[in-house]
Amino acid sequence: MSVPLSSSKQATVFLLRLCLLKPQTPAIPYYPLHRHLSTEPIPPPQPPPQDEDSLINEAVQLFQALEDGHSNSTQLHQLLFSSSSPSSPGIFRQITRRLASSSQALEFFDYIRSNSPSQELTSLSFTFQAIFELASREPDPQNKLLELYRTSKERNIPLTVNGATLLVRFLGRAERVDVALAVVDELDPSLKNTHFYNVVVDVLFKSGRIVEALNMLDEMLQPGADCPPNDITGGVVFAALSGRKLFGRSISDEEIVGLVSKLGAHGVVPDSFKLTQLITKLCRNKKIGRAWDVLHDVMKAGGTLEAASCNALLTGLGRDGDFERMNTLMTEMKEMDIQPDVVTFGILINHMCKARRVDEALEVFEKMKGVSDGLSVEPDVITYNTLIDGLCKVGRQEEGLTLMDQMRSENKCMPNTVTYNCLINGFCKAGEIERAQELFDQMNKETVFPNVITLNTLVDGMCRHGRINSAVQFFDEMRSEGLKGNAVTFTTLINAFCNVNNIDKAMELFNQMSKDGCSPDAIVYYTLISGLSQAGRMDDASSVVSMLKEAGFCLDIVCYNVLIGGFCRKNKLDKAYEMLKEMEQAGVQADSVTYNTLISYLSKSGNFATAHRVLRKMVNQGLVPTVVTYGALIHAYCLYGKNEDAMKIFRDMSSSSKVPPNNVIYNILIDSLCKTNEVELALSLMDEMKVKGVRPNVTTYNAMFKGLREKNFLQKAFDLMDRMVEQACNPDYITMEVLTEWLPAVGETGKLKKFVQGYEVSVSTA
DNA sequence: CTAGGGTTAG
């Protein structure tokens, strides 16, 4: 690098070199890398050598005296500009730094310029930087710096990198991002360093200028770039990724993954906390693959991983049902010596339970406690609750109870409200309401306080097992003891009353809700609309729809389907079409259930042409006919005695459109064929079911028995009776009715007895 | 870690 010299003095040459050589020996050395960018200070000036120091002090005093009018300029002039003075760019900057204010410093700057017109531009740049530094420590630094920046431009003084950095930071704080960007453009590109880029990127992110920030980062991230990213760059970027955006667009998940990857290639990785935040965010946005990539980029870059980050990813993978990758990650954790914690095991156990793989969950549970391979992890109340819930959900509530005893004795871990809620739910679902109530009494004795979930669980249990009045009574008792219900309680009761067709009571509860200070949510409305539609009370359903809208809720697709189905059943096709039109206007797309409902009612009312037209529309909308679509048409053709048309559709669906018929489809056809005395054809369908692995159920057998009885095909009936027993398919009252009316009449009471016995045996072994 | 609703074919 060649340096134009204005003085022949050796010292000047030396100092000039010191100032200009970069980046190998920058005037301001590279700072140690701090973690916190915003507090990263401009480094303190190097103390000058002794003789220089006294010269600087003398100059400061002389200039201040000159300003105060106590002195003339001769002495200072001599000190600074005579041929014997060791004057240098560094010297002017040092003097400037010690002046009283930025305004005095500006005057000193002008003094130098007027007394030494041939002054090096570089020297002036550094002196001006010192003025910026002074201003930055004075009151109202932002406006002062903006003013000084304009002054520097008027006087054609190029910016130093540190001057520019200072300006960008303060202009950013003053929200003058455009001026800051002008500073960036103006700075000689060869002067730019990583620290400068870091400040610029930080300002851009904080002001929501994402595109500019990413472009700036791209410059740093180019392979072989002059200013590679450092840990501070990482701090700036990772803070921006997790920070909430108040303005500007946010950074897309793809951009996040790209940045982590590119920074990782430079050895810059987020700390454990930031990494965990990032992964959680990506998983919440259903970008599990992206989250996986981020974690593995950091792994590859050699960053330290903690269990928390892995736990975040495991949660996402679990929600995705991706057990394979969960296993892979666990293996990787082991390889990298990352100790799983109680949360890690909790996640594994939870997802195994949710997949109803409770025995495997119990294995993991034993493993975490086991001291065999190193550190054991103590299960906590959440671990126990997860397992107890898992056991209860698969009907193993007795084992759940055992586990509750175990947590008390082995781990001194006391059951809490959740523990009891899980068990109470387990016994309720199993229909053991008394046991559930016993547990409720027990928790009260142990002063584990029931909450609204306990209440709702018991109310639901009672309702589902035919004790609606007990449920209402229990609800009232709890309310008098201070445990209030919520929208869930009311939904449960409203649904229960709708199911027993007690619409008046359901409506009464709905009206009571608001009086009790419990505002209905959308689900309460949906439940009531469904109940009313099911009961055929479409006018009432419509008025609840109006109330729902008044309350600010919207109908969703399922609710529209319910209403359309209700109107169809009432033969109010015009109303059904009205709903269709309304949902279209509301931007709710009809789904296959909507179309199936219409097709079902059109074809059942004999309107096959319209049904097929709707079917074509369904396909045009990009929806695929389902087994229910075909079932509706097949059923209707059968009802109208058009077995051949039904069979044609049946052959169609299994061949061309690849919708395999299920037992409902076979049942419709077999029933219809038997009723029209085409029993042989029905039997061939039974054979086909066997070949295709479709399991007949009691409906299938009942249809066949009726058909076989008409033709008195005894042997075939015996064959089917044997198969029923083999398959442990329970006969129902229709089976028994048909067989007891038929077999004894033809002298086959023995076969009937054997059948019933076989059934009893199969029940006891099942 | 725990509680509520609604569709379509038999």
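Side-chain atoms are counted along with the backbone in the values below, which use heavy atoms only and exclude waters and symmetry mates. Residue numbering restarts at 1 for every chain, and letters A, B, ... go by the order of the sequence lines.
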Next on the checklist: Regarding A:Val459, tell me which of base, sugar-phosphate or nothing describes its non-hydrogen contacts under 4.0 Å with the strands shown.
Outcome noted: nothing
Checklist entry - What nucleotide among B:dT2, B:dC1, B:dA9 has an atom nearest to a side-chain atom of A:Val627? => result B:dA9
Next on the checklist: Let's see if you get this right: which residues in residues 536-553 of chain A place a heavy atom under 4.0 Å from DNA chain B?
Outcome noted: none
Item to check | Gap between atoms OH and P, on A:Tyr601 and B:dT8 respectively (whole Å) | outcome: 7 Å
Checklist entry - When you check the gap from the basic side-chain N to the acidic O, do A:Arg435 and A:Glu398 get nearer than 4.0 Å? => result yes
Item to check | Nearest-Å distance for atom pair CZ/P, residues A:Phe650 and B:dA9 | outcome: 19 Å
Checklist entry - Within this structure, what is the CG-to-P distance between A:Asp460 and B:dT2, rounded to whole angstrom? => result 16 Å
Checklist outcome for this item: Residues passing the side-chain hydrogen bond (donor to acceptor under 3.5 Å, both in side chains) test with A:Asp556, sequence neighbours excluded, are none
Item to check | side-chain hydrogen bond (donor to acceptor under 3.5 Å, both in side chains) against A:Glu399, all qualifying residues, sequence neighbours excluded | outcome: A:Arg396
Checklist entry - Does the distance from a Lys or Arg side-chain N to an Asp or Glu carboxylate O, for A:Glu737 and A:Arg709, drop under 4.0 Å? => result no
Next on the checklist: If you only use heavy atoms from C-beta on, which nucleotide in B:dG6, B:dC1, B:dG4 is closest to the side chain of A:Gln534?
Outcome noted: B:dG6
Checklist entry - Looking at the side chain of A:Ser530, which of B:dG6, B:dT8, B:dT2 is the nearest nucleotide? => result B:dG6
Checklist entry - NA contact type, A:Ile523, heavy-atom cut-off 4.0 Å: base, sugar-phosphate, or nothing? => result base
Checklist entry - Tell me: CE of A:Met579 to P of B:dT7, nearest whole Å? => result 15 Å
Item to check | Among B:dT2, B:dT8, B:dC1, the nucleotide that comes nearest once only the side chain of A:Ile382 is considered | outcome: B:dC1
Checklist entry - According to a strict under-4.0 Å criterion, is A:Lys604 in side-chain N/O contact with OP1 or OP2 of B:dA9? => result yes
Next on the checklist: Within the structure provided, determine whether A:Leu573 and A:Asn607 are in side-chain contact (heavy-atom separation under 4.5 Å).
Outcome noted: no
Checklist entry - How long is the line joining CG of A:Asp521 and P of B:dA3, in whole Å? => result 16 Å
Checklist entry - Is the A:Tyr525-A:Phe510 ring centre distance short of 6.0 angstrom? => result yes
Next on the checklist: Among B:dA3, B:dC1, B:dA9, which nucleotide has an atom closest to any side-chain atom of A:Lys393?
Outcome noted: B:dA3
Checklist outcome for this item: Side-chain atoms of A:Asn350 come closest, of B:dT2, B:dA3, B:dC1, to B:dC1
Checklist entry - Whole Å only: how far is the CG atom of A:Asn425 from the P atom of B:dG4? => result 7 Å
Checklist outcome for this item: Regarding the side chain of A:Thr597, the nearest nucleotide among B:dA9, B:dT2, B:dT8 is B:dT8
Checklist entry - Got a sec? Which of residues 488-498 of chain A come in under 4.0 Å of DNA chain B, heavy atoms? => result A:Val488, A:Thr491, A:Thr492, A:Asn495
Checklist outcome for this item: Testing B:dT7, B:dC1, B:dA9 for proximity to the side chain of A:Thr386, the answer is B:dC1
Next on the checklist: Can you tell me which nucleotide in B:dG4, B:dT2, B:dA9 comes closest to the side chain of A:Val664?
Outcome noted: B:dA9
Checklist outcome for this item: Side-chain contact check for A:Asn486: nearest option of B:dA3, B:dC1, B:dT8 is B:dA3
Next on the checklist: Whether A:Lys648 and A:Asp652 form a salt bridge (side-chain N of Lys/Arg under 4.0 Å from carboxylate O of Asp/Glu) is what I want to check.
Outcome noted: no
Checklist outcome for this item: Between A:Asn456 and the options A:Thr489, A:Thr492, A:Asn425, A:Asn421, the side-chain hydrogen bond (donor to acceptor under 3.5 Å, both in side chains) test singles out A:Thr489
Next on the checklist: When you measure from the side-chain N and O atoms of A:Thr457 to the phosphate of B:dT2, is any distance below 4.0 Å, counting only OP1 and OP2?
Outcome noted: no
Item to check | Worked check of side-chain contact (heavy atoms from CB on, under 4.5 Å) between A:Asn561 and A:Asp591 | outcome: CA-CA 9 Å; A:Asn561 288 343; A:Asp591 66 2; 3.2 Å; yes
Next on the checklist: I need the residues from residues 555-577 of chain A with at least one non-hydrogen atom less than 4.0 Å from DNA chain B; give them sorted by number, or say none.
Outcome noted: A:Asp556, A:Val558, A:Cys559, A:Asn561, A:Val562, A:Arg569
Next on the checklist: Please enumerate all residues that pass side-chain hydrogen bond (donor to acceptor under 3.5 Å, both in side chains) together with A:Tyr701, with sequence neighbours excluded.
Outcome noted: A:Gln727
Checklist entry - Between A:Phe449 and A:Tyr420, is the gap from one ring center to the other below 6.0 Å? => result no
Checklist entry - Less than 4.0 Å between a side-chain N and a carboxylate O, is that true for A:Lys369 and A:Glu366? => result yes
Checklist outcome for this item: Atom CD of A:Gln397 and atom P of B:dT2 are separated, to the nearest Å, by 17 Å
Checklist entry - With a 4.0 Å cut-off on heavy atoms, is A:Ala703 in touch with a base, just the backbone sugar-phosphate, or nothing at all? => result nothing
Item to check | Value in whole Å for how far the P atom of B:dG4 lies from CZ of A:Phe475 | outcome: 16 Å
Next on the checklist: Determine whether A:Asn451 and A:Thr454 satisfy the following criterion, side-chain hydrogen bond (donor to acceptor under 3.5 Å, both in side chains), listing intermediate values before the conclusion.
Outcome noted: CA-CA 5 Å; A:Asn451 60 16; A:Thr454 324; 3.0 Å; yes
Checklist entry - Base, sugar-phosphate alone, or nothing: which one does A:Asn662 contact when heavy atoms must sit under 4.0 Å apart? => result base
